[in-house]
Amino acid sequence: MYASREDIGYDFGEDSKVGSKPTKPNPNIDGGWAWMIVLSSFLVHILIMGSQMALGILNMEWLEEFNQSRGLTAWVSSLSMGITLIVGPFIGLFISMCGCRMTAIIGGLLNALGWILSAYASNVHYLFLTFGVTAGIGSGMVYLPAVVMVGQYFQKRRALAQGLSTTGTGFGTFLMTALLKYLCTEFGWRNTMFIQGAISLNLCVCGALMRPLSPKDLREKYVVRSDSEENRTKALSHSTETLKSNGVLGEEPEKKEEAANDEVLGSVQHVETGGKSGSGRIMDGLRLFKTVSQLTVTVRKGFALWYSSYFGAASLFTNRVFVAFIIWALFAYSSFVIPFIHLPEIVKQYNLSRQDNIFPLTSIIAIVHIFGKVILGIISDLPCISTWNVFLMANFTLVTCILTLPLMQTYVGLAVVCALIGFSSGYFSLMPVVTEDLVGTKHLANAYGIIICANGISALFGPPFAGWIYDITQKYDFSFYIAGLLYMVGIIFLLIQPCIQKKQPREKSTEEAQV
């Protein structure tokens, strides 16, 4: 079905206990409400990622309105895209404390506010704050929960579910491009920002659909996964010992703290019941105190989970494969974004504008990207196929296309390479699946937040770096070569670390046998 932790040497195991008695799975896992979660995530990708891919329409309006340099104006779009991903680790804290549903609803309101405030922009720097920062943070608060919820609701069809939900990016690119063109022509760009802000309020509806699973349902999901994997018992026993030594499974203090908090809240409820004969003001005070106490307990538990994931004994950074995954993410995303930004200029240099106007190369990438996500998701869910291997093969294909793209100087050649780029970049739908395999569902929000943060840094600095190389060499060739080589370095890290992780347990078992 997918690469197990034993296959690639994962450090982190699940926090659940695998019981001997068969457990009836929740019907909402891999079915039922799970498909509503996919629909919600699909709409989120249309409204957020689709809108960001279509910002070139608004960028032209801003250039004409404010008469600033192209480089300065382009930072508005780069900030919005980059901050959406960079804030991932901090959004993980919100998810730990408030849950995915509340985080997404607040993010939808903040995103809509950013669009509406941008309608009053008097200069580009104003847009940096309202659109780049405000709308960007709001987008991040919706995007991460949309990905995490799909991972929680699916077990057997995770790759397919993530593939279907993320195809919203491709559909959104077409829909939002046409919509923004029409609105800007009919109403002007300022009224377009108002209208788009109202449309973005639908993100709150998407957030409301993110019904959380109960802890019992999550435990049942772990049991189903453990029963479906071969040799899972050995992997669990080894990972359990490792986790206990790192302090991951030390849940007794947490349970004692929860019992103490429940005792305090119970005493408050007892006082509240016994004081019915008192005045209403005292009763209101007790209710307020009880609510604040419950909120404090929730915030403390969420912050403790978030803090331990990053800085505690069970830090995600103790997982070497995950650290290699972060390094890969720092270089990978820019290789996908750079063609979108600079292909129009390359087409113009090669005098291919007439063919490109009929069928733009960026549209080829977007269309094939949709099919790539779905097909790679279906392949990864096959019982005999490893998700990890599919992920690596797609990366090798993409980096090869990036390195060969500057060699193509005809429209047909560029179209073929762009089609391969679009298909192979469908591995984006596998990133949440691989991340969950690395760290488990409990740490998925914080772990994937780190990964998309690294992607955000790549998206923020990748295109300007490519433009800077062009200013020096007057060619885009070196931009693609350097981006491809850095991308290859990230892939090499992914190949090396699993081998090291596999080797260590074997050495340990040999030493124990000698003793």
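Atom set for the values below is all heavy atoms of this structure, side chains included, hydrogens, waters and symmetry mates excluded.
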(message) Quick check: Phe480 with Tyr487 (ring centres under 6.0 Å apart)?
(response) no

(request) Report yes or no: does Ser41 contribute a side-chain atom to a donor-acceptor pair with the main-chain N or O of Val38 at less than 3.5 Å? (result) no

(message) Strictly distance-based, threshold 3.5 Å: is any side-chain N or O of Thr134 a donor or acceptor partner for the main-chain N or O of Leu129?
(response) yes

(message) Would you say that Tyr427 contacts Val390 through its side chain, given a criterion of any heavy-atom pair below 4.5 Å between the two side chains?
(response) no

(message) Please tell me whether Gln52 and Thr84 have a donor and an acceptor in their side chains that are separated by less than 3.5 angstrom.
(response) yes

(message) Check this for me: Phe128, atom CZ, are more than 12 non-hydrogen atoms of other residues, nucleotides or ligands nearer than 6.0 Å?
(response) yes

(request) Decide yes or no for Ile195 and Ile199: does some side-chain heavy atom of the first lie under 4.5 Å from some side-chain heavy atom of the second? (result) yes

(request) Taking the side chain as every heavy atom from C-beta outward, state whether Arg211 and Tyr153 have any atom pair closer than 4.5 Å. (result) yes

(message) By the salt bridge (Lys or Arg N to Asp or Glu O under 4.0 Å) test, which pairs, at least two apart or in different chains, include something from residues 82-92?
(response) none

(message) So Leu414 and Leu405, do their side chains get closer than 4.5 Å, heavy atoms only?
(response) yes

(message) Angle between ring planes, Phe154 versus Trp35, binned at 30° and 60°: parallel, tilted or perpendicular?
(response) perpendicular

(request) Answer yes or no: is there a donor N or O on one side and an acceptor on the other, between the side chain of Asn123 and the main chain of Tyr126, under 3.5 Å? (result) yes

(request) Determine whether Leu109 and Cys204 make a side-chain contact, defined as any pair of heavy atoms from C-beta on separated by less than 4.5 Å. (result) yes

(request) Answer with yes or no after comparing the ring centroid distance for Tyr143 and His45 against a 6.0 Å cut-off, counting only values under it. (result) yes

(message) Can you list everything that forms a side-chain hydrogen bond (donor to acceptor under 3.5 Å, both in side chains) with Thr397? Sequence neighbours excluded, please.
(response) none

(request) Working to the nearest 0.5 Å, report the span between CG of Leu110 and CD1 of Ile105. (result) 14.0 Å

(message) Closer than 3.5 angstrom, by distance alone: can the side chain of Lys373 be matched with the main-chain N or O of Ser429 as a donor-acceptor pair?
(response) no

(request) Classify the angle between the aromatic ring planes of Trp388 and Phe325 as parallel (below 30°), tilted (30 to 60°) or perpendicular (above 60°). (result) tilted

(message) Ring centres under 6.0 Å, that's the criterion: do Trp62 and Phe131 meet it?
(response) yes

